[in-house]
S.K.: 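One structure follows; several queries about it will come next.
The first residue in the sequence is number 1, and the count goes up from there.
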Amino acid sequence: MGLLSNLLAAAAGRKEIPAAGRKDAPAFPLPGARAKTPFAAAAEDRLTASWKAYAPGINEILRRDLDKLRARSRELERNNAFARKFLRLVARNIIGPAGFVLQARVEDSPGRPDTAANAAIEMAFWRWAKRGACDITGRMSFADLCRAVVTATARDGEAMVRIVRGADANNPAGVALHLIDAARLDTDRNQLAASGRNAIVMGIEVDHYRRPISYWIKPTAEGSSSSAVQVPASEVLHIYRTDHADQMRGLPWMHASMLDLHDLGEFNRSAMVAARKGADTIGFIVSPNGEPPPGEADEDGTPLDISAPGTFSVLPDGYDIRTPESAFPNTAYEPFVKAILRRISSGFDVSYNTLASDLEGVNYSSIRAGVLDERDEWMLLQNWFIDAFLEPVFDVWFAHALAAGAIVMDNGSALPVGKRDKFSVHEWQGRRWAW
């Protein structure tokens, strides 16, 4: 309130109502005003100045950072032991050594299994899942393909599998799968929806509900946008975990711990170099007057030798050896590395003891509590993988195998196409763990 308003109010003998108490007062502070907030996490002051409060949409973030995150995640897989261990844990615990097992659950009547049909379906799928049939390249079995898919999803944030139908499939069911590098999905291809055209979000054409219609796939990961080919969504399985509304692409599972992994690797390398330098440098020859020591001999021709294993040579009068002090290795190294690895394992949602292969100082109760919590996460991911990949694959395979007459019972008759709904009842059994 201005000074003139206050003076006029005093002259009139009345008390001026503060602006905050008037009915016409603004409900929120004016632009530029700094207001107090009841939420400490929303405060803006010098202590929170580095804490970003701007929250762009997830697709805007991915459009800018996804390719870089994927490249750094792949670099960590190549050169960081803990990143590689995590990806092996993902494949080992979600897929397991034998892969998921298909169990047909066809019934003649409620509670009465159709044994012949169940055996025929499981046998036909087992033949298709063998190496040389389900994978279009002929290099992987279905279990191998599942491990490759889940590893790619954890490392890159997403995996892409193209469904190949027809003669190229080279198996009785007439359908095969082709694993595609997610880097080939054209992140730089984007367009807004307009009259007569759909939106494209990072290489994915979508309708107004954000349902994929087609994918723009480059011939190679290094290819240009101009060379991308449009592939119908009916031919592509795009596998990723959805963590945000409207999310169109997947985030690498290691993204929250990638910086810690990189910094720990750099620190470990520096500590190793310092330790090696300290071990290699036995000492320095020091002259009495500060002048550089002579070369290989002094004025009298006496050699100046450095120490040999187990001995010290005799130095000329006045010369001395100064032993350097190295800071590494020291006692602070191991606790520091453990503290960082605990942060990293929390970001990975695995136990520290599993990730670091460190069973020192644990007892049965403590490690059991950690392992049980970790296995709950693995089972959650197994259920996600069943819904995201196994169920769509079964639907495609079963439709083609049934139509091709590739599911044959022991009496030689193929399952009838007209009873597809009856014969499609099934479930998947993932790996479990023994104590």
Side-chain angles (χ1 to χ4, degrees), residues 51-80 82-91 93-95 146-161 179-190 199-204 206 210-212 215-218 221 233 236-265 343-350 355 374 377-378 380-389 392:
W51 192 354
K52 297 184 182 298
Y54 170 62
I58 183 62
N59 291 323
E60 181 181 343
I61 296 173
L62 292 174
R63 187 181 299 116
R64 183 184 64 229
D65 295 339
L66 178 57
D67 289 346
K68 188 183 298 182
L69 284 172
R70 181 174 57 243
R72 289 180 173 176
S73 181
R74 291 182 176 188
E75 192 277 333
L76 287 172
E77 180 196 27
R78 291 191 297 268
N79 298 307
N80 189 286
F82 298 110
R84 185 173 177 81
K85 175 70 175 291
F86 170 69
L87 294 175
R88 292 296 180 268
L89 287 173
V90 167
N93 286 280
I94 297 178
I95 308 303
C146 288
R147 280 186 281 269
V149 168
V150 79
T151 300
T153 308
R155 180 191 61 233
D156 302 335
E158 56 192 348
M160 297 190 69
V161 176
L179 181 63
I180 298 175
D181 187 351
R184 291 172 56 186
L185 186 54
D186 191 0
T187 309
D188 295 329
R189 184 178 292 271
N190 297 276
I200 298 179
V201 183
M202 291 176 287
I204 306 174
V206 296
R210 292 299 178 102
R211 189 182 187 90
Y215 294 84
W216 289 87
I217 300 176
K218 298 180 290 186
V236 177
L237 298 176
H238 187 201
I239 303 101
Y240 65 94
R241 295 184 69 184
T242 303
D243 299 313
H244 303 268
D246 297 331
Q247 181 179 344
M248 297 301 302
R249 301 284 298 269
L251 274 167
W253 294 4
M254 298 189 292
H255 70 274
S257 297
M258 282 169 57
L259 183 58
D260 283 333
L261 273 174
H262 172 74
D263 289 344
L264 181 61
R343 283 169 49 92
I344 292 171
S345 61
S346 295
F348 288 172
D349 213 354
V350 299
L355 181 66
E374 181 181 323
E377 177 66 16
W378 293 131
L380 184 152
L381 290 172
Q382 285 179 340
N383 291 334
W384 161 80
F385 188 75
I386 289 171
D387 292 336
F389 182 66

S.K.: Rounded to the nearest 0.5 Å, what separation is found between the CZ atom of R155 and the CG atom of L76?
M.R.: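 Rounded to the nearest 0.5 Å, the CZ-CG separation comes to 12.0 Å.
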S.K.: So, W378 versus Q382: side-chain donor-acceptor pair below 3.5 Å or not?
M.R.: no
S.K.: Find out whether L179 and V161 are in side-chain contact, i.e. whether some heavy atom of one side chain is under 4.5 Å from a heavy atom of the other.
M.R.: yes
S.K.: Return the CD1 to CZ distance between I344 and F86, rounded to the nearest 0.5 Å.
M.R.: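 CZ of F86 is found 12.0 Å from CD1 of I344.
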S.K.: Check whether any side-chain heavy atom of V90 sits under 4.5 Å from a side-chain heavy atom of W253, and report yes or no.
M.R.: yes
S.K.: Using a 6.0 Å cut-off, check whether atom CZ of R84 has over 12 heavy atoms from anything other than its own residue.
M.R.: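 Not more than 12 within 6.0 Å, no.
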S.K.: How about V149 and T153: do any of their side-chain heavy atoms sit closer than 4.5 Å?
M.R.: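 Answer yes - side chains close enough.
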S.K.: Could you report the tightest heavy-atom contact between F389 and C146, atom names first, then the distance?
M.R.: CE2-SG, 3.9 Å
S.K.: Which heavy-atom pair separates T242 from H244 by the least distance, and what is that distance?
M.R.: CG2-O, 3.5 Å
S.K.: May I have the step-by-step check of side-chain contact (heavy atoms from CB on, under 4.5 Å) for K85 and V350, ending in yes or no?
M.R.: CA-CA 11 Å; K85 175 70 175 291; V350 299; over 6 Å; no
S.K.: For the atom pair NE2 (H262) and CZ (R72), what is the distance rounded to the nearest 0.5 Å?
M.R.: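 Atom-to-atom, H262:NE2 and R72:CZ are 7.5 Å apart.
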S.K.: Is the side chain of S73 donor-acceptor paired with the backbone N or O of D156 at a distance under 3.5 Å, no angle test?
M.R.: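 No: the side chain of S73 does not pair with the backbone of D156.
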S.K.: Report the distance from atom CG of L89 to atom CG of L355, rounding to the nearest 0.5 Å.
M.R.: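 CG of L355 is found 7.0 Å from CG of L89.
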S.K.: Surrounding CZ of R74 (heavy atoms of other residues, nucleotides or ligands, distance under 6.0 Å), is the total greater than 12?
M.R.: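 Enclosed.
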S.K.: List the atom of L185, the atom of G203, and the distance in Å for their closest heavy-atom pair.
M.R.: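 Distance-wise, the nearest heavy atoms are CD1-O, 3.7 Å.
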S.K.: Taking the side chain as every heavy atom from C-beta outward, state whether D65 and H255 have any pair of such atoms under 4.5 Å apart.
M.R.: no
S.K.: Just wondering, are more than 12 heavy atoms of other shown residues or ligands nearer than 6.0 Å to CZ in R63?
M.R.: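 Check passes, neighbour count above 12.
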S.K.: Side chains of L261 and F348: does their closest heavy-atom pair fall under 4.5 Å?
M.R.: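 SC-SC contact between L261 and F348 confirmed.
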S.K.: Would a distance-only check, ignoring hydrogens and angles, find a side-chain to backbone donor-acceptor pair under 3.5 Å from T151 to R147?
M.R.: yes
S.K.: To the nearest 0.5 Å, what is the distance between CD1 on I386 and CD1 on I94?
M.R.: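 Going from the CD1 atom of I386 to the CD1 atom of I94 covers 11.0 Å.
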S.K.: Does the side chain of I239 come within less than 4.5 Å of W384's, by heavy atoms?
M.R.: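 Yes - at least one pair of side-chain heavy atoms lies under 4.5 Å apart.
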S.K.: Less than 4.0 angstrom from a charged side-chain N to a carboxylate O is my criterion; do R70 and D67 meet it?
M.R.: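 Yes, charged N to carboxylate O under 4.0 Å.
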S.K.: Identify the heavy atoms of G157 and Y240 that sit nearest to each other, and give their distance.
M.R.: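 Heavy atoms only, the tightest pair is O-CB, 3.3 Å.
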S.K.: Can you confirm whether E377 sits close enough to N93 that some side-chain heavy atom of one is under 4.5 Å from a side-chain heavy atom of the other?
M.R.: no
S.K.: Before you tell me yes or no, could you show the steps for L69 and M258 under side-chain contact (heavy atoms from CB on, under 4.5 Å), namely the whole-Å CA-CA distance, both residues' side-chain angles and the distance that decides it to 0.1 Å?
M.R.: CA-CA 9 Å; L69 284 172; M258 282 169 57; 4.3 Å; yes
S.K.: To the nearest 0.5 Å, what is the distance between CD1 (I204) and OG1 (T187)?
M.R.: 9.0 Å
S.K.: Any donor and acceptor pair, going by atom type alone, linking the side chain of R249 with main-chain N or O of M202 inside 3.5 Å?
M.R.: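 Yes; at least one donor-acceptor contact below 3.5 Å.
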S.K.: Considering all heavy atoms of both residues, which atom of V206 and which atom of M248 are nearest to each other, and what is their separation?
M.R.: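 Looks like CG1-CE, 3.3 Å.
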S.K.: Of the non-hydrogen atoms in G250 and L66, which two are nearest, and what is the gap between them?
M.R.: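 Shortest heavy-atom contact: O-CD1, 3.3 Å.
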S.K.: Do the non-hydrogen side-chain atoms of I95 and F385 ever get within less than 4.5 Å of each other?
M.R.: yes
